[in-house]
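Here the structure comes first, spelled out in structure tokens, and everything after it is commentary.
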Amino acid sequence: MTAIELKHDHTLSGTGALLRFMLRRDRIRTNAWVVGIGVAAFYFAHAIQVIAESADELRSLTIMFADPVGRMMSGPGFGMEEPTHERFFASGYVLYLYILIALMSAFTVVRHTRMEEQTGRAELIRANVVGRHSTLTATLVLTGAANAVVAALVWMAAFTAGYAAIGSALVALGGFVVGLFFAGVAAVTSQLCETSRGAAATAGGAIGVAFLIRMGGDAAEPGGSAASWFSPLAWSQQTAPYVDDRWWPLLLTVGGTILLLWLSFSLSARRDLGASLLPTRPGRPNARPTLGSPLGLAFHTLKGTLRGWGIALILTGLMFGSFAQTMVDAADDLPQEMAQIFAGEDMVKGYLAYAALFVAVFVAAMVVGAMQQLRNEETHGRAELGLSTPMSRVTWLGAHVTVLLLGIATVLVAVGSLMGVGAVAVLQGNSEGFFVELLAACVHQAPAVLAVVGIVVAFFGWLPRASGSVGWAIVGYSAIMANFGQLLELPQFFHELNIFGHLSPYPVEAVSWTSVVILTGMGVTGILVGLLGWHLREINRA
Amino acid sequence: MSNQNSVISAHNVVKTFGAVRALDDLSLEIAPGEVHGFLGPNGSGKSTTMRILLGLMRQDSGTVRIFNRDPWHDAVALHRRLAYVPGDVELWPNLTGGEVIDMFLRLRGQYAHTRTRRNELVERFDLDPRKKTRTYSKGNRQKVALISALASDVDLLLLDEPTSGLDPLMEAEFQEIIKEERLKGRSVLLSSHILAQVEALSDRLSIIRAGRVVESGTLAELRHMTRTTFEVETTHSVEALVGLSYVHNIRTSGARSLFEVDAEHIQDVMARLTRLQTQSIVAHPPTLEQLLMRHYSHEVPS
């Protein structure tokens with residue numbers, strides 16, 4: 001008689017199977033991240049050679065990355081006294097690749113660990129022959145693999161642009177270790193927080209803090225100061241690619257990563273499945289009176305989205321405003337291509353018009369995000385519950401659109417004001433007019449945003465499944481046209497198609513009231529058409 | 001024909017989703033003050049019916065009236081008089097259970113005068129209203145929806161498998177509360193695939209199969225259409241019963257036998273049993289289980 005032989009079971013059993021399962025589940029999402037970052041890297045590496053062909057043009061652009069405000073936004077700016085395309089790539093753009101890589105890694109880890117536990121799917125998995133550490137291990141392997149592919153793409157992007165192989169390898173490796181580091185951060189926050197939202201927000205916050213620390217450090221001195229040595233984002237830039245090509249700063253990131261991974265595994269061994277180390281606080285046993293109205297419900301549903309986008313855009317506005325003086329200084333010797341993006345003779349005004357447009361496109365993104373949330377309310381059955389009370393469909397959608405419109409107005413006014421404050425603060429001399437002009441420039445974009453609201457709401461009413469993709473397509477198209485529309489020599493039709501292209505570039509030119517009226521009309525009509533469709537159609541039809 | 005007094009009156013309702021015929025000539029009639037059990041397995045069309053009754057979906061053909069009004073056109077007016085508990089309750093994850101309940105009561109404009117009832121129900125269902133709904137189990141989310149529906153001052157409750165996540169203690173509490181609601185004269189449409197629940201609560205019931213109501217009536221009426229189970233111990237063999245057209249499924253082991261008899265032939269069988277010198281006899285009415293099995297186990301839906 002043979003005894004049942006217990007196979008060599010340990011805390012990592014099933015890791016391979018889990019990894020295959022994760023790859024299957026992630027075959028679109030992770031690939032989209034990887035390809036997206038890869039494409040961004042190719043664009044950053046190659047575009048600079050088109051924007052600034054000659055060394056003179058390049059030199060005149062360095063001011064954007066070499067002065068304190070520029071360094072604040074882009075990094076320590078090594079080798080800017082003698083700019084080359086490759087140094088420009090490393091100083092100006094690589095930081096944003098690193099941020100994307102950090103976000104990809106953190107979100108991937110949270111999605112496969114805490115979210116799985118929160119939804120109860122982890123329980124289903126762990127009831128099988130799966131070790132305690134298998135899920136986390138498989139997740140980290142997956143994230144590491146994604147980062148390796150991204151790093152390879154980044155290296156190829158730089159190398160094909162004709163940049164030095166060693167420096168390019170440092171840029172790519174810097175991204176790789178940043179990805180691993182923030183995967184480690186997310187692995188720890190996933191042990192600490194009970195919800196995937198909390199874990200992702202905490203990890204995202206850590207990326208934000210890392211950014212802020214290096215902002216201060218890099219702004220203080222060219223090449224970074226002491227504070228630059230306290231941020232993993234800065235460590236990867238301290239390798240000074242294409243200038244000094246030093247490897248050792250990456251050891252800091254690797255050490256930190258090892259520490260974080262050790263911490264996450266030991267924390268996960270200390271807790272029950274589904275439990276967290278930071279308990280959630282109990283909430284209110286009764287509702288505040290404001291919650292019990294259609295507007296209150298709508299506000300509650302949308303406030304998270306509006307607040308998140310709002311804060312990000314206000315900070316962006318402040319940044320744009322504080323760039324104003326830099327633009328004045330740079331105005332004289334900007335290359336022709338940059339001047340085309342920042343329309344108009346008066347460089348600063350052109351820059352401000354561009355800033356308002358840039359912000360408005362992102363406000364449109366906020367609109368699409370909010371409308372997708374409404375669609376989620378519908379597909380998740382919460383709209384159905386709300387509509388089972390004496391609240392009509394028109395009231396429901398009307399309340400949500402009202403909150404959205406108020407949110408848009410608030411964000412545009414707040415961003416405009418802060419951009420104005422930023423500009424007035426840095427501009428030397430006659431800057432009194434700028435505050436009002438910037439505020440007006442932002443508010444002036446409202447009709448275009450309203451038109452986007454109209455289109456997306458109309459789709460929500462009649463073709464709900466298409467509303468998200470149509471909305472994102474509009475935002476993406478607008479972003480491309482806003483940034484490169486003038487550089488690309490496109491037929492007029494493509495410009496007509498761009499919703500944001502119809503408003504005049506105020507304050508460079510006077511307001512075109514015809515466009516304002518037409519766009520407003522489009523928005524209002526779209527909202528009404530959407531309300532009608534929503535009134536007539538079935539809710540959450542399978 | 002539509003009865004003017006009916007709370008719910010649906011006739012020949014057809015609803016298709018593409019090629020799938022979700023409701024196929026469904027008819028349903030519920031009188032005021034009636035607790036009506038709506039029995040059927042998953043995918044038989046119970047939830048689709050509920051959502052048409054709520055005016056969230058519209059039937060392709062047939063008529064639906066609630067309180068003699070059209071649920072699609074008069075949804076808001078009707079929703080003042082009814083409350084709904086979905087089968088799969090999804091809530092706003094960052095609100096607490098208490099907040100969700102209050103929000104619904106406020107949306108109905110019934111916040112102030114339902115406080116006592118609301119708190120009583122929270123107590124009876126043993127719900128912690130301070131917890132965020134994302135931390136709730138399915139049962140607790142269901143409790144939130146149940147409390148806000150039951151605390152509402154309405155004439156009709158539409159409950160779609162309301163207790164599928166509740167534990168037996170809470171299930172008992174739920175049954176108690178529904179009985180109280182019936183005494184208050186409320187009408188209830190209670191969909192379920194839990195037979196015991198429907199049996200304990202319903203005045204009348206309808207059995208739905210593949211989008212069509214196949215049986216409808218009081219429990220007694222439905223039982224009448226089916227068979228009584230006999231468990232007997234006889235001195236003589238029950239051979240004599242074999243082959244009778246109204247005696248089914250005879251199983252014998254030793255002196256004990258088990259068989260089923262069509263309702264209208266019980267007299268006859270009793271007479272025959274006496275002749276076989278019956279030592280002991282246990283007879284019980286058909287359970288809903290048997291009723292249901294008869295409708296579902298035989299043929300594949302056409």
Side-chain angles (χ1 to χ4, degrees), chain A residues 115 118-120 193-198 274-276 279-304 373 376-396 399 535-542, chain B residues 17-18 20 22 48 50-52 54-58 72 75-111 115 118-119 122 128-135 137-138 145 148-149 152 158:
Chain A
M115 188 185 272
Q118 190 191 340
T119 54
C193 303
E194 191 167 353
T195 67
S196 61
R197 253 175 100 151
S276 66
T280 44
R281 284 167 288 135
R284 304 173 58 93
N286 300 302
R288 285 179 302 275
T290 48
L291 188 55
S293 67
L295 277 177
L297 171 64
F299 178 69
H300 176 267
T301 306
L302 295 177
K303 75 176 173 197
Q373 227 185 324
N376 271 343
E377 289 294 297
E378 185 186 355
T379 53
H380 286 139
R382 290 188 288 262
E384 182 176 321
L385 256 179
L387 289 170
S388 75
T389 69
M391 168 167 51
S392 73
R393 264 176 279 202
V394 171
T395 310
W396 186 87
H535 176 68
L536 293 176
R537 81 168 164 92
E538 295 178 313
I539 309 303
N540 200 13
R541 173 159 185 166
Chain B
F17 297 113
V20 182
T48 304
M50 288 284 186
R51 304 181 70 225
I52 287 177
L54 274 166
L56 296 171
M57 284 189 169
R58 187 158 38 177
W72 177 263
V76 177
L78 283 173
H79 291 180
R80 283 184 207 292
R81 298 184 62 185
L82 63 83
Y84 165 61
V85 175
D88 222 336
V89 185
E90 284 276 355
L91 301 171
W92 295 265
N94 52 348
L95 289 181
T96 65
E99 283 179 306
V100 172
I101 295 169
D102 289 355
M103 184 182 79
F104 280 121
L105 291 173
R106 279 216 171 86
L107 284 172
R108 297 185 172 282
Q110 298 183 338
Y111 181 78
R115 294 317 286 161
R118 180 258 197 207
N119 292 333
V122 168
D128 182 350
R130 293 164 3 112
K131 277 196 177 158
K132 304 264 182 190
T133 62
R134 72 160 67 87
T135 66
S137 62
K138 174 177 161 76
S148 54
S152 306
L158 298 177

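Excluded from the calculations below are hydrogen atoms, water molecules and symmetry mates; all remaining heavy atoms, backbone and side chain alike, are included. In this text, all values refer to a predicted model and were calculated from it rather than measured experimentally. Quick note on labels: first sequence line is chain A, next is B, and so on, each numbered from 1.
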**OP:** Go through the atoms of Leu105(B) and report whether side chain, backbone, both or neither lie under 4.5 Å from a heavy atom of chain A.
**Re:** neither
Original post:
Should Arg288(A) and Asp102(B) count as an ion pair when the cut-off is N to O under 4.0 Å?
Top reply: no
Subject >> Side-chain H-bond candidate by donor/acceptor type, Arg118(B) with Asn286(A), under 3.5 Å >> reply: yes
**OP:** Side-chain contact test, heavy atoms from C-beta onward, threshold under 4.5 Å: evaluate it for Lys132(B) versus Leu95(B) and give yes or no.
**Re:** no
**OP:** Answer yes when Glu384(A) and Arg51(B) have at least one side-chain N-carboxylate O distance shorter than 4.0 Å, and no when they do not.
**Re:** yes
Would you tabulate the side-chain donor-acceptor contacts of residues 295-302 of chain A under 3.5 Å, counting partners in other chains and residues two or more places apart, or write 'none'?
from, atom 1, to, atom 2, distance (Å)
His300(A), NE2, Asn94(B), OD1, 3.3
Thr301(A), OG1, Leu297(A), O, 2.9

Original post:
Looking at Glu90(B), Lys131(B), Arg106(B), which has the largest count of heavy-atom pairs under 4.5 Å with chain A?
Top reply: Arg106(B)
Original post:
Under a 4.5 Å heavy-atom cutoff, which of Gln118(A), His380(A), Glu377(A), Arg284(A) has the most pairs with chain B?
Top reply: Arg284(A)
**OP:** Please state whether the side chain, the backbone, both or neither of Val100(B) comes within less than 4.5 Å of a heavy atom of chain A.
**Re:** neither
Original post:
Are any of the side-chain heavy atoms of Ser148(B) and Gln110(B) separated by less than 4.5 Å?
Top reply: no
Original post:
Can you tell which of Thr48(B), Leu54(B), Leu78(B), Leu91(B) has the highest number of heavy-atom pairs within less than 4.5 Å of chain A?
Top reply: Leu91(B)
Original post:
Side chain, backbone, both or neither: which part of Arg81(B) has a non-hydrogen atom closer than 4.5 Å to chain A?
Top reply: neither
Original post:
Side chain, backbone, both or neither: which part of Leu56(B) has a heavy atom under 4.5 Å from chain A?
Top reply: both
Original post:
Can you tell which of Phe104(B), Trp92(B), Tyr84(B) has the highest number of heavy-atom pairs within less than 4.5 Å of chain A?
Top reply: Trp92(B)
**OP:** Using non-hydrogen atoms and a 4.5 Å limit, figure out which bit of Ser293(A) sits close to chain B: side chain, backbone, both or neither.
**Re:** backbone
Original post:
Should Met103(B) and Leu291(A) count as side-chain neighbours, where that means a heavy-atom distance under 4.5 Å?
Top reply: yes
